[in-house]
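Below: the structure, in structure tokens.
Computed from a prediction, not measured in an experiment: that's the story for all the values here.
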Amino acid sequence: MGCSPKGPYALTNKVYKGKSDSIAKVIELAQPVMLTDSSGAPVASDFVGTVNFNMRKPNYVIIHFTAQDSIGQTLHTFTIAKTQVSAHYVVAKDGKVYHMLNDYLRAWQAGISKWGSITDMNSCSVGIEMDNNGNEPYTDAQVRSMIALLGYLKKTYNIPRANFIGHQDIAPLRKPDPGPYFPWQIMAQHGFGYWSDDVLDVAPDNFDYATALRLIGYDTSNLNAAIVAFKRHFVQKDSNGVLSQLDLNVLYNVYQKY
């Protein structure tokens, strides 16, 4: 099949435009809410437009790996309806950044997840997919582009340092990404997330590690899964559910930053 003269994604871009236009029409609706009381009688209502409002903005960034073999495969996955998955950005191995969804719109990237008290991460986050199969290091070009992209998002939306997290952090029972090769330490050096200090105090004997994980944001309803997710992010040497003394020291150091 030949490519469209407007590019290989002309048709999907047309679908995107149609859906975004539909969303714009919903936003433009200005009508009173229709309510009835317990007796079935209508409740008087009207619409009076306030002059004080703006767009809701993302407050978190969720980082993923694609678990696929090429950027083309991932772009295809995100441009067909049957997959029901998407992200705002995809970063290719050569460093090219693909912007796939307006940052103010809700991508389908976080799935069933929880961070702190938030159970709908899709509604408050930007999702970034790194072209990586999960078993390989990230390229230097990807890392440079990711630093630039995160810097743009942090500045544009005033995203707090603590709110740059991985899919593994918010869905520890389901997801391992962005995996042990993702350079969280380098990201933290640039102000995106936290990392442990070089010199660590020994965690006290009465250190409540479960509470510390919860205060960082982890869902501790399955404590073993929360431990694994924490180690994938902040230790990156193994992914078992056992906290060594070093792991406890790292956790003790990190949780005090939140």
Tell me whether Ile112 at atom CD1 has more than 12 heavy atoms from other residues, nucleotides or ligands lying less than 6.0 Å away.
no
Please determine whether the number of non-hydrogen atoms from other residues, nucleotides or ligands lying under 6.0 Å from atom CZ of Phe47 exceeds 12.
yes
Between Tyr157 and Asn59, do the side chains contain a donor N or O and an acceptor N or O under 3.5 Å apart?
no
Where do Val91 and Val97 come nearest, in terms of heavy atoms and distance?
CG2-CG2, 4.3 Å
Nearest heavy atoms of Leu105 and Ile23, plus distance in Å
CD2-CD1, 4.2 Å
Look at atom CE of Met34 and say whether more than 12 heavy atoms of other residues, nucleotides or ligands are closer to it than 6.0 Å.
no
Does the separation of the ring centres of Phe192 and Trp184 fall below 6.0 angstrom?
no
Quick test of your reading of the model: are Lys25 and Asp21 salt-bridged, counting only N-O distances below 4.0 Å?
no
I'd like to know if the side chain of Lys57 pairs up with that of Asn158 as donor and acceptor (distance under 3.5 Å, no hydrogens or angles considered).
no
Measuring centre to centre across the rings, with the benzene-like ring taken for any Trp, is Tyr89 within less than 6.0 Å of Tyr98?
no
ring-ring contact (aromatic ring centres under 6.0 Å, His included): which pairs involve residues 116-150, sequence neighbours left out?
Tyr138-Phe182
Which heavy atom of Pro183 sits nearest to which heavy atom of Val143, and what is that distance?
CG-CG2, 3.9 Å
Between His88 and His99 the two heavy atoms that sit nearest each other are O-CD2, 3.2 Å
Could you tell me if Glu129 and Thr66 have a donor-acceptor pair between their side chains, going purely by distance under 3.5 Å?
no
In this structure, would Leu75 and Val15 fall into the same cluster of hydrophobic residues linked by side-chain contacts under 4.5 Å?
no
Where at least one partner belongs to residues 92-121, residue pairs that pass salt bridge (charged side-chain N to carboxylate O under 4.0 Å, His left out), sequence neighbours excluded
Lys93-Asp131, Lys93-Glu136, Arg106-Asp120
Thr74 side chain vs Gly72 backbone, donor-acceptor pair below 3.5 Å
no
Side chains of Gln109 and Ser86: do they bring a donor and an acceptor to under 3.5 Å?
no
